[in-house]
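Lettering follows sequence order; numbering is per chain, from 1.
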Amino acid sequence: MAEISVSIAGGESKQFSEGIAAADAIKDLVSNKQRKKIIAVRAEDNIVDLTTPLTTDVELQPIEIGSPESLEILRHSAAHIMALAVKELYGDGVKVAIGPAIADGFYYDFDREKAFTPDEFEAIESKMAELAEARIPFVRKVVAKQAAVDFFQKAGEEYKLELLGEIESDTVSLYEHSSFTDLCRGPHIPDSSWLKVFKLLRVAGSYWRGDETRPMLTRIYGTAFFDQKELKKYLTQLEEAKKRDHRKLGKELGLFTIQDQIGPGLILWQPRGALLRKLIEDYWKDEHYKNGYQLLYTPHIARQDLWKTSGHLDFYGENMYSAMEIDEVKYQLKPMNCPFHIGVFNSTKHSYREFPIRWCELGTVYRYERTGALHGLMRVRGFTQDDAHIFCRPDQLEEEIFNIIDLNLHILKTFGFDQYDVYLSTRPEKYVGSDEHWELSTSALKHALEKKGLAYEVDPGEGVFYGPKIDIKIKDQLGRSWQCSTIQVDFNLPDRFEMSYTGEDGAEHQPIMIHRALMGSLERFIGVLIEHYAGAFPIWMAPEQARILNITDDQAEYCEQLFGQLRLAGVRIEKDLRNEKLNYKIREAQLMKIPYMLIIGDREKEEGLVTVRLRNGKNLPPMRPEEFIEHIQKECAQGICPE
RNA sequence: GCCGAUAUAGCUCAGUUUGGUAGAGCGGCUGAUUCGUAAUCAGUAGGUCACCGGUUCAAGUCCGGUUAUCGGCUCCA
C-alpha cells in the first residue's frame, strides 16, 4: 500500500500508509494530552471527522476543544443525538426535518402530530444522557444519491427526501448513530460520549424551510458546551438578559404601559418614561438645529389619494390602517412622513440656491403589524420616527450623506453606542429610476462611507425599490444587534410628486431626496436603551437624577429648601420625606436606579451640606448644594459629549 | 397570520391535578415609631379569578370560542 506523508500545522511530517484514519495519524503526531482535546481536523480548508481516512499528503490542523469550530461541531452533534433520543422515545410518529448548530446552541425541527411541550424535556434529556454514555459512534457513510433516496423513502422521511432532491452531487454523506441515520454533511464528534453538558431550552413552531405556506413543524432548542461552567455562565447570561428585559424594567421603573383596553402595540408613556423621552427628543432637536436642520410638524392622517400618489397604497397598503370616511372623502393614517414633507416643499417655488434643505420631524406613524410580531416597545403599531428628508442637487449628494453619517455616529455615541455593523444595500431586481441615478447615488453612499473610514458590508440587491441605502446596526451591552439607523436615496417620490426647482440655467430640475432615520423608532430605541443600560440611565438621560432622603422629620424644612434650590438650578430632583427608615428609602431609590441620593440628617442640616450616595453604593464626600449642582451639571455635559 | 404555552388583588405569585362560592408577600390606607447608607411594627381596605358561551345541583377549577401576553416561525416599506 502506498505511503502518504501527514503533518500537523507546521510540524514535522511522518509517513503513514494510505487510508489511515486521521485519528490514528494524530496519535503519532501530537502528545497524548493534546490528542484528548482534538475533536476534528481541518484538512485543506475542510473540517472533517477524526475517522476520515487520509488518502493524500496532507497538513492537518487540529480542531481543539474550546475553539468556536469545536463548539459548533459539538452542538450540531447534540442536535443529532436529540433526534436519536426523540426517535427512540416516540418512534415513527416523528419525522425529522433539519437540525443545525446556531449561534448559542442548536435546534432540531420535527414533524409530529402533537407538538412537543417543555414537559417532555426531562424525558428527552435523560434519554440523551443515556445515549451519550453509551458511546454511540458517529459513522459517516458516503453513498450514491439514489441509495440515500431509497433509504429515506423506505423510512418515510419526506423532508430528507426534499433536501436530497436539491443536492446536485452524485454522492451524499449519511451519518449513522444506532437506529438513526441522518442526511448530513458533518463533521461530527467521534462518538456520543463527547456530549456531556447540554440542556434543552424551549420549543417553538417553525415553518418548514421558513416558508409560511409550508407545514408548521415543532422545533426544540437546546444548547451544549464542553464544560459545565460554560453552560452555567450561559444560563446566567440568559438570566441577565431577562433582568434587563425592557418590558419588565418599563413596568418596574414606571416608564410605559400597554393596555388591552387601549389596544395592542400602542404605547402609553408614564410620567418617568415621558420625561426620558422628552430629554431624548430635546437633545435630538438641539443636535439637528446645530447641524442645519429645520423642524416640521405634520398631521397624522391624510386623504387616501395622497397615498395613491406616493405609491404607499400600492406597495404597502396591507400594512396601513384602513381608510375612514370624512365628508365622503377617504382618509388614512400615515405609515410614513415623507409625503407631508414633500407637501411642505411643494407649497413654494424653489431655487437651486436654497439647497440643501434639511427638514426633520419626530413624526408619529401607524403601521399594521401582525399580532404575532408585536413585542413590547421593540415592535409596535404606533411609533415615532426621528425622520428627516434632505432635498439637494446631485452635486451635493455625497457631502450630504457624509454629514448625515457624521451626525448619526455622533448621536449614537452620545447614547452610548460605539459598536456597530454597517451595510450598504444595492439595487434590487425590481426597481424604479434610471441606471444613471442608481449609479450616482450608490457611489455617493459608498464614497461617503469610505471618506468616513467605515468598514461596511455590501448587501447586494437589498436596496429599497426607489434607491440604495445604508443601514447601521448598533450593538448593545450584551452584544446584541439592533437595526436603527437607515439612510436612503430616493428619486421615486420627487418624480411622483413632480418636485422641482429652478436651476442656474433657468430651467426646472428635479431635486434628489434623502430619507433618513437615526434612532429609527423612538419607542424601539428607548427599548434598546433600557436594555443597554439595564434601566440605570446616564445622568443626562435619567428622568430622576437625584432624590432627597431625610433621616427624621427634623430635617424636613431644610430638605424642602434644598429641593427648591435644586429644582431652580435645573436638577431633576424629587424628595422622599416620608416617615420611614433611611434604609427603606435608600432601597426604594436604589431599585428605581436613581443616580444620586442626597442624604440629609442633622449633620448636613447644621452645616448646610448634602451627603451624596451613588447608585453603586459609594458615597461622595459631603458638599455644599452649589457644589453638587456644579458636579451634576459637569457630569451631564460630559455625558452628552463623550468625546 | 401560523405552532405551542399562559391569563387569579396595583405588582409578584399560590389555589386548577381530585369542581363545593378566593389566599400570601409586596404596594395602598390608618395608627404607632423619628430611626445615618438596600425592607420598623400593628391594624385595615382591595378580586364579575381576561372576556363570551357550554356542561353541572354547583365552575377560578372541566369543555368550546374570543381577546391579549409570552417563546418561536413568517413579516418589518
Side-chain angles (χ1 to χ4, degrees), chain A residues 107 109-112 114-120 201-221 242 245 247-248 251-252 254 257-265 307 310-320 335-336 338 365 367-376 378-381 383 385 428 463-467 469 483 486 488 490 492-493 515 517 520-521 524 549-556 577-592 597-604 611-615 617-619 622:
Chain A
Y107 67 79
D109 283 350
F110 300 101
D111 185 353
R112 187 175 75 159
K114 192 187 169 312
F116 287 95
T117 69
D119 298 340
E120 293 168 282
L201 296 172
R202 51 181 166 270
V203 289
S206 142
Y207 297 112
W208 168 234
R209 318 213 78 182
D211 182 341
E212 61 182 319
T213 64
R214 318 257 351 231
M216 177 59 74
L217 308 172
T218 102
R219 174 174 296 180
I220 302 179
Y221 284 93
K242 238 182 178 173
D245 190 315
R247 294 165 298 188
K248 182 174 170 330
K251 197 178 275 178
E252 288 171 1
T257 173
I258 303 169
Q259 294 184 346
D260 283 11
Q261 200 184 16
I262 310 290
W307 307 112
S310 72
H312 287 105
L313 215 49
D314 278 350
F315 283 96
Y316 313 111
E318 276 179 20
N319 297 301
M320 289 175 67
M336 288 182 106
C338 18
V365 298
R367 299 177 184 178
Y368 169 73
E369 298 284 356
R370 302 212 274 179
T371 49
L374 299 172
H375 180 95
M378 303 301 192
R379 194 76 180 273
V380 293
R381 287 186 173 159
F383 63 96
Q385 286 184 312
V464 197
F465 70 92
Y466 51 72
K469 61 169 179 170
Q483 152 97 59
T486 185
Q488 309 174 348
D490 184 1
N492 181 46
L493 287 179
H515 307 244
S521 138
R524 202 160 73 106
L549 313 179
N550 61 338
I551 288 169
T552 72
D553 290 344
D554 289 342
Q555 303 92 37
L577 307 185
R578 291 174 301 174
N579 175 13
E580 293 289 351
K581 287 196 159 184
L582 180 61
N583 274 341
Y584 182 86
K585 298 187 193 182
I586 287 178
R587 179 182 153 80
E588 209 157 272
Q590 189 80 39
L591 291 174
M592 293 304 283
M597 294 166 226
L598 305 183
I599 295 168
I600 308 299
D602 281 335
R603 293 204 291 272
E604 288 76 11
T611 291
V612 184
R613 185 192 203 269
L614 308 175
R615 61 187 154 190
K618 290 185 183 143
N619 275 352

* Structure fact -> Among the nucleotides B/G1, B/A38, B/A77, whichever has the atom closest to the side chain of A/Arg370 is B/G1
* Which part of the nucleic acid, if any, lies within contact of A/Asp554, taking any heavy atom under 4.0 Å across all strands shown: a base, the sugar-phosphate backbone alone, or nothing? -> nothing
* Would you say the base of B/G36 and the side-chain of A/Glu604 have a donor-acceptor pair closer than 3.5 Å? -> yes
* Within less than 4.0 Å of OP1 or OP2 of B/C70, is there a side-chain N or O belonging to A/Arg247? -> yes
* Asked: Looking for any heavy atom pair under 4.0 Å, which part of the strands does A/Arg379 touch: base, sugar-phosphate only, or nothing?
  -> base
* Non-hydrogen side-chain atoms of A/Tyr368 and A/Met320 separated by less than 4.5 Å -> no
* For A/Arg202, answer base if it contacts any base atom (sugar-phosphate contacts may also be present), sugar-phosphate if it contacts only those atoms, and nothing otherwise; contact means non-hydrogen atoms under 4.0 Å. => sugar-phosphate
* Asked: Is it true that A/Glu588 and A/Arg578 make a salt bridge, defined as a side-chain N closer than 4.0 Å to a carboxylate O?
  -> yes
* Salt-bridge contact A/Arg370-A/Glu212 (side-chain N to carboxylate O under 4.0 Å) -> yes
* For atom CD of A/Glu252 and atom P of B/U12, their distance in whole Å -> 9 Å
* C1' atoms of B/C57 and B/C2, separation to the nearest Å -> 42 Å
* Asked: In whole angstroms, how far is the P atom of B/U12 from the NZ atom of A/Lys248?
  -> 9 Å
* Separation between the C1' atoms of B/A50 and B/U44, rounded to whole Å -> 28 Å
* To do: Once you apply the 3.5 Å cut-off to both distances, tell me the Watson-Crick or G-U wobble partner of B/A58, or none.
  => none
* Would you indicate what A/Thr371 reaches in the nucleic acid, counting non-hydrogen atoms under 4.0 angstrom: base, sugar-phosphate, or nothing? => base
* Considering only atom C1', compute the distance from B/U8 to B/G23 and round it to an integer number of Å. => 10 Å
* **N/O (side chain, A/Asn583) to phosphate O (OP1/OP2, B/A39) under 4.0 Å** => yes
* **Base paired to B/U34 (Watson-Crick or G-U; both N/O distances under 3.5 angstrom)** => none
* Could you check whether the rings of A/Tyr316 and A/Phe465 sit parallel, tilted or perpendicular, using 30° and 60° as the cut-offs? => tilted
* To do: Could you tell me whether A/Tyr221 contacts a base, only the sugar-phosphate backbone, or nothing, with contacts defined as non-hydrogen atoms closer than 4.0 Å?
  => sugar-phosphate
* Name the nucleic acid region contacted by A/Gly601, choosing base, sugar-phosphate or nothing; use a 4.0 angstrom heavy-atom cut-off, strictly under. => base
* To do: With P as the reference atom in both, quote the distance from B/U66 to B/G72 in angstrom, rounded to an integer.
  => 25 Å
* Same-atom distance (C1') from B/A59 to B/U48, integer angstrom -> 13 Å
* For A/Lys251, report the nucleic acid contact type (base, sugar-phosphate, nothing); a contact means any heavy atom under 4.0 Å. => sugar-phosphate
* Does some side-chain heavy atom of A/His515 sit less than 4.5 Å from a side-chain heavy atom of A/Leu493? -> yes
* **Touch class at under 4.0 angstrom, heavy-atom based, for A/Asp602 against every strand present** => base
* Asked: For the side chain of A/Arg587 and the base of B/U37, is some donor closer than 3.5 Å to an acceptor across the two?
  -> no
* Which is true for A/Pro118 with a 4.0 Å heavy-atom rule: it touches a base, it touches only sugar-phosphate, or it touches nothing? -> nothing
* Asked: Using atom C1' of each nucleotide, how far apart are B/G10 and B/C49 to the nearest Å?
  -> 16 Å
* **Distance in angstrom units between A/Tyr584 OH and B/U40 C1', rounded** => 10 Å
* Asked: With the threshold set at 4.0 Å, does a side-chain nitrogen-carboxylate oxygen contact exist between A/Arg209 and A/Asp211?
  -> no
* To do: Any strand is fair game: report the nucleotide pairing with B/G10 by Watson-Crick or G-U wobble, both distances under 3.5 Å, or none.
  => B/C26
* With a non-hydrogen cut-off below 4.0 angstrom, is A/Phe315 in contact with a base, only sugar-phosphate, or nothing? -> nothing
* To do: Determine the contact category for A/Ala115: base if any of its heavy atoms lies under 4.0 Å from a base atom, sugar-phosphate if only primed atoms, P, OP1 or OP2 are that close, otherwise nothing.
  => sugar-phosphate
* **Same-atom distance (P) from B/C41 to B/G20, integer angstrom** => 35 Å
* Would you mind classifying the nucleic acid contact of A/Asp553 as base, sugar-phosphate or nothing, using non-hydrogen atoms under 4.0 angstrom? => base
* **B/U69 and B/G27, which share atom name P, separated by this distance in whole Å** => 30 Å
* A/Glu369 side-chain proximity, nearest of B/A38, B/C35, B/C75 -> B/C75
* **Any-strand Watson-Crick or G-U partner of B/G4, both distances under 3.5 Å** => B/C70
* **Side-chain donor-acceptor pair present, A/Glu369, A/Asn319, cut-off under 3.5 Å** => no
* Tell me which nucleotide among B/C35, B/A77, B/U37 gets nearest to the side chain of A/Lys581. => B/C35
* Touch class at under 4.0 angstrom, heavy-atom based, for A/Arg219 against every strand present -> sugar-phosphate
